[in-house]
Engineer: 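Let me give you the structure first, and then I'll get to my questions.
Not measured: the values here are computed from a predicted model. Note that ligands are numbered from 1 as they come in the structure, with each ligand's atoms numbered from 1 the same way.
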Amino acid sequence: MQNQPFTFELPFDSGLPTTWDTHTTRRLSSMKGQYADHAAYAALLPDDPILYEVYEIKRPEIEGELLQGVTVIHPGKVGDEYFMTKGHFHKVLETGEVYLCLRGEGMMVLENPEGDSSVLPFRPGQVLYVLPRWAHRSVNVSTSEDLVFFFAYPGNAGHDYGTIEQQGFRKLVVEDDGTPQIIDNPRWQGQKP
Ligand code: M6P
Ligand code: ZN
């Protein structure tokens with residue numbers, strides 16, 4: 001781990017950092033129950049494709065530090081729903097996060113425990129600010145290109161995956177006639193505030 005201020009490159013052509021400390025791959029099997037079309041999920045499971053990869057710079061997970069890295073979501077669909085991240089609240093709910101889209105075409109699905117939800121388009125050159133209290137999931141709405149973005153969030157934030165695993169997001173992004181559409185999640189299992 002660096003103990004001096006440092007730089008690293010994010011070349012705009014690839015979007016991939018030139019250095020990183022950890023590389024995590026997430027496969028379809030880690031998304032059980034998240035895709036609305038359970039039959040399509042089951043049909044793809046034997047191949048267990050990699051949905052996305054996260055490259056991170058290691059820093060202490062403490063207040064004052066920032067954790068940063070790049071996520072690459074590959075193109076693909078499960079039924080009508082695009083490849084997407086698991087999504088999470090932060091364990092420290094009052095934590096924001098900044099994203100910068102580098103390549104591709106995406107959408108960010110957001111919601112807070114108060115019942116507000118938002119779905120924002122996410123294009124190269126756009127910065128997206130996730131407010132404290134808002135769960136977030138990134139969706140690659142291209143079926144041919146990777147979605148690549150940089151992120152940074154406070155070191156002590158942590159991830160709460162359990163809430164989303166159990167209740168899902170209120171909104172889904174699905175392909176309809178070749179274009180992304182936002183629909184209500186018929187299986188959303190949260191409690192209305
Ligand atoms: C973003 C950041 C990371 C996160 C990654 C994958 O790049 O929010 O902290 O790990 O997306 O998303 P998830 O953790 O929900 O699988
Ligand atoms: Zn986050």
Engineer: Considering only protein heavy atoms, which is closest to atom 16 (O) of ligand 1, and at what distance to one decimal place?
Structural biologist: Tyr52 OH, 2.5 Å

Engineer: Which is the closest N/O/S atom of Glu97 when seen from the Zn ion (ligand 2)?
Structural biologist: OE1

Engineer: Note the single closest protein heavy atom to atom 12 (O) of ligand 1, along with its residue, its atom name and the distance in Å.
Structural biologist: Thr85 CB, 3.6 Å

Engineer: For ligand 1, which atoms sit closer than 4.0 Å to a heavy atom of His159?
Structural biologist: 9 (O), 10 (O)

Engineer: Around atom 14 (O) of ligand 1, find the nearest protein heavy atom and jot down its residue, atom name and distance.
Structural biologist: Tyr161 OH, 2.5 Å

Engineer: Nearest non-hydrogen contact with atom 7 (O) of ligand 1 belongs to which option: Ile164, Thr71, Ile73?
Structural biologist: Thr71

Engineer: Check the orientation of His159 and Tyr161. Use parallel for under 30°, tilted for 30 to 60°, and perpendicular for over 60°.
Structural biologist: parallel

Engineer: What N/O/S atom of His90 gets nearest to the Zn ion (ligand 2)?
Structural biologist: NE2

Engineer: Check Arg137 against ligand 1 and report side chain, backbone, both or neither, counting heavy atoms closer than 4.0 Å.
Structural biologist: neither

Engineer: Considering only NZ, NE, NH1 and NH2 on the basic side and carboxylate oxygens on the acidic side, decide whether Glu94 and Arg133 come within less than 4.0 Å.
Structural biologist: yes

Engineer: What protein heavy atom lies closest to atom 2 (C) of ligand 1? Include the residue and the distance to one decimal.
Structural biologist: Glu97 OE2, 3.1 Å

Engineer: Angle class for the His90/Tyr153 ring planes (parallel below 30°, perpendicular above 60°, tilted otherwise)?
Structural biologist: parallel

Engineer: Which residue supplies the protein heavy atom nearest to atom 4 (C) of ligand 1, what is that atom called, and how far is it?
Structural biologist: His88 CE1, 4.0 Å

